[in-house]
Protein chains: 2
Amino acid sequence: MATISDVARAAGVSPATVSRVFNGGRVTAERADRVRKAAADLGFSPNRVARSLRMQRASVIGLLIPDIENPFFTSLARGVEDVAQRTNLSVVLCNTDEDVEKERRYLDIAVAEQMAGVIVAAASRRRTDLSALAARGMPVVAVDRRPRAAEVDAVMVDNQHGGEDATAHLLERGYERVACITGPAGASTSEDRLAGYRAAMHEAGVPDDWTRAHTRHADFRVDGGHAAMRELLSLRTPPDAVFVANNLMTVGALKALRESGIEPPEFGILSFGDVPWASLVRPPLTTVQLPSYDLGASAAALLQDRLAGSGKPLQTVVLRTVLQPRESTEGPGAR
Amino acid sequence: MATISDVARAAGVSPATVSRVFNGGRVTAERADRVRKAAADLGFSPNRVARSLRMQRASVIGLLIPDIENPFFTSLARGVEDVAQRTNLSVVLCNTDEDVEKERRYLDIAVAEQMAGVIVAAASRRRTDLSALAARGMPVVAVDRRPRAAEVDAVMVDNQHGGEDATAHLLERGYERVACITGPAGASTSEDRLAGYRAAMHEAGVPDDWTRAHTRHADFRVDGGHAAMRELLSLRTPPDAVFVANNLMTVGALKALRESGIEPPEFGILSFGDVPWASLVRPPLTTVQLPSYDLGASAAALLQDRLAGSGKPLQTVVLRTVLQPRESTEGPGAR
DNA sequence: CGATTCTTTGAAATCCATTTCACGCGAAAG
DNA sequence: CTTTCGCGTGAAATGGATTTCAAAGAATCG
């Protein structure tokens, strides 16, 4: 591998000059040409490790997401990647598995690797600790999930509004006993979607007791949704519809319904977040569509702003959801 | 951020000794304790950039995959990650988008970042060039797709066998005009699966002309499968079943069937590769199950072997597929 | 007890790109 | 004609960990 000194020697200049040619210093045209030619001949490309060491900053950003198998996050990752690519930043994708410990390890790596910045969908609202990064002046953007301390930029979805919308839709369609399966108690997405659900139920005059008794916390995974749905179905006053707070749990819930011989839209089911190939599932699922790609793209843009040294005050961008009604919530008497 | 010298000073030893404590050199127990204590006090963790520069090798491996949104590859990625984690290697996930140019950029980065090794599902059989890595002595493992030159370790699926199996299954179930939608002409996975299909058709006595006329090449994406299926349906002698060479194209093909009012299993459809939530799709899809996770895990294990300096000759591991019959291929007269 | 071998240790070299600093030259200003 | 000023340039310092080398000290052997 050719080094900067090899190029310098070949071009008859000093390494400093070579560096200037590639990093926009002032060099006379004639010399610059010689350097560029020599570099091309030798197939030189600067060693990014040495550069990172000297610059105290790598041209890599970390993206920490809790579940790489969830299409929501892969789509988000694409958004980040597409934007990052434009400024020659590479993205390191880290799968935290909703595990605070694993997440902490990755955050340590981000520091030790001197990554330029981090975009993180936090595994836990209370226990994710971003202060070490902030202390080192590393820009951080929270995405999808709000971490506790508000000392970072953030890009969020309007979860409460989305949850309210979704629940109201179910009530409008004539379902009377709408249950809710939400995520882990720690996560902001769980809480906010749940809050939306509660608000809509309250608004509709359903006693808070009932609402509380028909709420389940699960883990945002398929199996969690499955178990929660089974529990709800075995209640003395089972629901006739359910608002499920994420896509994977919806898949599990749907499976539980199938197993009990219950078919939507007789039983209403609504997913927060697109279920992949939702249109192939029978019946087609009503979903709250999330701007996953834009979430990632905005977060990356925000991070780049920070890296460029913008002194703006901290920002929180909130993106709206869109309700996409399909057959799974057509109403109890629809067929 | 504390450096190794800070720790050395605090412990009253030289930086060399500190390094030895953390990297298994010989140090007296008493000194080692002092060093560890000082390191803990200062919150020291070695700067990985500096280490990489000195070692001429980062503790990062690159994983290049063509489509991060395809669950097959995310599952493969998890396999890689889980194994890599065990030896403290981090994985950088790079999405090449089936684009040779983008892939080339990532390969350059792998070199410039001095990654320890690379696992790659090549975007193209002919145009992906791994020689630069090999030249620098960087271990490479090809996964899922065989690159042209056989100078690297590889972990593959027995595509031909899987394709043959699948096609034979369709014929056995009584379908008589089995078409095939395969991937891009360049890819080894496309070619091998197609070869399996052809072999089975030939075996069954179907004229090669017919087989060729009912084969379509698409791009491994949903829309490509959709378009190919529409084309097949509009033929003068339309098929009564189709073998689709990957999961996403199956989703597209299924959509096309729906649009034409055709429902399996009257029309047989079989997917090479698990369709996510396949069990929710009505009717449940017969699939050739791929060991995606194991593919990744084996590749990572192989790479680790190389990194550890094993001098074994090049290896190619081939994993078998399993046919999972479900309702979508129950036969033309099944209902 | 002297000679030899092992072990432990720190100083210094190394990895490679960037950046500061000072020097020299030529042009513009006085 | 002298003095500034500016610009282009290279030598050298820098970033932080690893590793080689040589020296000092400890242990073993005859």
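All values below were derived from every heavy atom in this structure, side-chain atoms included, with hydrogens, water molecules and symmetry-related copies excluded. Labels below follow one simple rule: chain letters A, B, ... track the order of the sequence lines, proteins then strands, and each chain is numbered from 1.
A salt bridge links A:R104 with A:E101: the distance from a Lys NZ or Arg NE/NH1/NH2 to an Asp or Glu carboxylate oxygen falls below 4.0 Å.
Residue A:D6 contributes atom CG, which lies 11 Å from atom P of C:dC15 at whole-angstrom precision.
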Applying side-chain contact (heavy atoms from CB on, under 4.5 Å) to B:V13 and B:V21, what does each step give before you reach the verdict?
CA-CA 11 Å; B:V13 301; B:V21 169; over 6 Å; no
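Comparing the helix axis at one end of the helix from C:dC1-D:dG30 to C:dG30-D:dC1 with that at the other, each defined from 5 consecutive pairs, gives an inter-axis angle of 40° (nearest 10°).
In terms of heavy atoms, B:E113 sits closest to A:R48 at OE2-NE, 3.0 Å. Closest approach of B:R221 to B:D97, counting heavy atoms only: NH2-O, 3.4 Å. Taking every heavy atom of both residues into account, A:S14 and A:A8 meet most closely at C-CB, 3.6 Å. Counting all heavy atoms, side chain and backbone alike, A:I119 lies closest to A:I61 at CD1-CD1, 4.4 Å.
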Expected string for nucleotides 11-18 of chain D under the B/S/- scheme (protein heavy atoms, under 4.0 Å, primed atoms plus P, OP1, OP2 as sugar-phosphate) is B-BBBBBB
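With A:R145 as reference, A:E98 is the one residue of A:E103, A:E98, A:E191 to meet the salt bridge (charged side-chain N to carboxylate O under 4.0 Å, His left out) rule.
At D:dC7, none of the side-chain N or O atoms of A:R26 fall inside 4.0 Å of OP1 or OP2 (strictly under the cut-off). Distances shorter than 4.0 Å separate none of the side-chain N or O atoms of B:T28 from OP1 or OP2 on C:dT7.
The aromatic ring centroids of B:F72 and B:F220 lie 6.0 Å or more from each other.
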